Number of protein chains: 2
Amino acid sequence: MFKYNQYCPVAKAAEILGDRWTILIIREAIFGCCHFNEFHRNLPGISRSVLSDRLQRLESVDVLERQAIDSRRSEYTLTPVGHELKAVVFAMGGWGARWIVTDPTPKEADPDTIMLFIARHLRESELPEKRVVVEFNLRANRRRRTYWLVLMKGASSLCRQYPGYETNVSIASKVTDLQKVYLGRSTWADAVRNGSITIDGPKALVRRFPKWMLWSRFAPVVAERAGESKRNVSG
Amino acid sequence: MFKYNQYCPVAKAAEILGDRWTILIIREAIFGCCHFNEFHRNLPGISRSVLSDRLQRLESVDVLERQAIDSRRSEYTLTPVGHELKAVVFAMGGWGARWIVTDPTPKEADPDTIMLFIARHLRESELPEKRVVVEFNLRANRRRRTYWLVLMKGASSLCRQYPGYETNVSIASKVTDLQKVYLGRSTWADAVRNGSITIDGPKALVRRFPKWMLWSRFAPVVAERAGESKRNVSG
DNA sequence: CGGTATCCCCCGCGATACTG
DNA sequence: CAGTATCGCGGGGGATACCG
């Protein structure tokens, strides 16, 4: 394990957090990810050996706790030490949102990831009491994927196979256009108005849909910047 | 350059900040470091090629700005984008101070670094109008180094060679004991009382000396934890 | 599903030498 | 002083196979 050999809290933190993938593993843990294959699914590109190494390392420095559920599965959960890394992760995210994020590139256009992000940022208090099934038809790099987001207060879920329930609302979009709305580079209203995203279904549900979406916590920061550059361009 | 290929502000920030040494280079820039060899001196262990690479990379993402002073030297300064990384650096430092820092190891006992840290955390408003020269005699790993800290409002400096001015106060300590005071693992008063640090000179100056020292901004966090563990031990 | 062990490759990095 | 260029190596990490 690499050491800076400096008696400095920043250096000490950097020794732990600086390994590739580590901060994203912590981000996943913050959002409730807790199984090995769940981390592996949510972090496209990480190898199993690196994931294994990082989880062990984070356990060894008391950021994650590993608990055996049964002989087959374990659970990784944040310790109090790990929970306080929220401040670091959100500081990094805030900075990235404010200064770095631009439009998504084709390589970033991963439908699984954006649906995961959307599904775990729901406005729980606004969700319907009665189940609403929203079908997402996403296109990226000439491929198509369909997801079903089952929305119900306290019992929402994301499905990659048809869940059997009747679909109430259908959304169609390029992955990148949905990503831009999610991160605040454009608004839902604008995207629907200009046709980059289409939404079909009973009018009442279509109107309520955006109220169910929380989108990214960084969206306001990204949106604010979009406002700035528009002002810069126009005046 | 490595990419996570995730459309996520945390991942974007991690791509830029995650390289080894980068966050410490930014820490140095925050504290006013601006020349190549100054970075190199302040970051023992970094190679010139890595430093060169990181400075270029940080310039390319608009975190640092490089300006040629003359044909021989350049200056690296933080851009507004880079300045906002203070939040990230201090979040990491706060977490490290709260949860990670323990006592300094022998490898961390570097006299240059602790004197650098001390010299750039002075309580400017409290400094004397008339020059006071404080000599530090530091011991680590059976080696000795002497430094002279020249204290004067608006004109303090750290010297590795005898500056010529008369020494007013003499301090002697192991590097690690001074580091512990600096980071809040012990207090100046305790260290002097138990003899791990000695200070000699006119009583008035000896009494005023600790008021001139700001110590680390993370010292309160570290000290708070020391209090917790004492309470845990005692009851 | 939930990982670990092994192999092997590549590139990140240190060392050194060089230039303005 | 303030870097850049080149080279060679070691280990980080990807791929794969394997275990429980």
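Given the structure is predicted, the values throughout are model-derived calculations rather than measurements. Letters A, B, ... mirror the listed sequences (proteins, then strands); counts begin at 1.
Note: NE2 (A:His40) to P (C:dG3) measures 12 Å, nearest angstrom. Taking atom CD1 of residue B:Ile46 and atom P of nucleotide C:dG14, one finds them 8 Å apart after rounding to whole Å. Here C:dG2 presents its P atom at 12 Å from CG of A:Leu51, a figure rounded to the nearest Å. In this entry the distance linking CZ of B:Arg57 with C1' of C:dC11 reads 12 Å, nearest Å. If you measure from atom CG of B:Asp19 to atom P of C:dC13, you get 7 Å, rounded to the nearest angstrom. As rounded to whole Å, 15 Å separates atom C1' of C:dC1 from atom CG of A:Leu55. Rounding to whole angstrom units, CG of residue A:Asp53 and P of C:dG2 are separated by 20 Å. Rounded to an integer number of Å, the gap from B:Leu43 CG to C:dG14 C1' is 16 Å.
Which of C:dG3, C:dC13, C:dT4 sits closest to the side chain of B:Arg54 comes down to C:dC13.
A donor-acceptor pair is defined here as one N or O able to donate and one able to accept, closer than 3.5 Å; no such pair exists between the side chain of B:Gln6 and the backbone of A:Leu24. For B:Arg225 (side chain) and B:Arg98 (main-chain N/O), a donor-acceptor pair under 3.5 Å exists by modelled atom type.
Checked options B:Leu78, B:Leu17, B:Ile23; the residue passing with B:Leu85 is B:Leu17 (criterion: side chain to side chain contact (heavy atoms under 4.5 Å, CB included)).
As judged by a 4.0 angstrom heavy-atom cut-off over every strand, A:Phe39 is placed among residues making no nucleic acid contact. Residue A:Phe2 is out of contact with every strand shown, counting any heavy-atom pair closer than 4.0 Å. A:Arg20 comes within 4.0 angstrom of the backbone, heavy atoms only, and of no base. The residue B:Glu38 sits apart from the nucleic acid: no heavy atom pair falls under 4.0 Å. Looking at heavy-atom distances under 4.0 Å, A:Arg41 makes no contact with the nucleic acid at all.
You can see that DNA chain D meets the heavy atoms of chain B within a 4.0 Å-exclusive cut from D:dC1 to D:dT4, reading 5' to 3'.
Sparse packing is recorded around CZ of A:Arg144, with 12 or fewer heavy atoms of other residues, nucleotides or ligands lying under 6.0 Å away. At most 12 heavy atoms of other shown residues, nucleotides or ligands fall within 6.0 angstrom of atom OH in B:Tyr165. Summarising the local packing, NZ of B:Lys107 is surrounded by 12 or fewer heavy atoms from other residues, nucleotides or ligands at distances under 6.0 Å.
Each of A:Asn37 and B:Val50 has a nearest nucleotide on DNA chain C; the 5'-most of these lies closest to A:Asn37. Mapped onto DNA chain D by nearest heavy atom, A:Met1 and A:Arg48 fall at different nucleotides, with A:Met1 at the one closer to the 5' end.
Between A:Arg73 and C:dG2 there is a side-chain N or O to OP1 or OP2 distance below 4.0 Å. At the phosphate of C:dG2, neither OP1 nor OP2 sits under 4.0 Å from any side-chain N or O atom of A:Ser52.
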Item to complete: Show your working on salt bridge (Lys or Arg N to Asp or Glu O under 4.0 Å) between A:Arg41 and A:Asp112 and close with a plain yes or no.
Response: CA-CA 9 Å; A:Arg41 260 199 315 280; A:Asp112 281 2; over 6 Å; no
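With values rounded to the nearest 0.5 angstrom, A:Asp53 atom CG is found 8.0 Å from A:Thr22 atom OG1.
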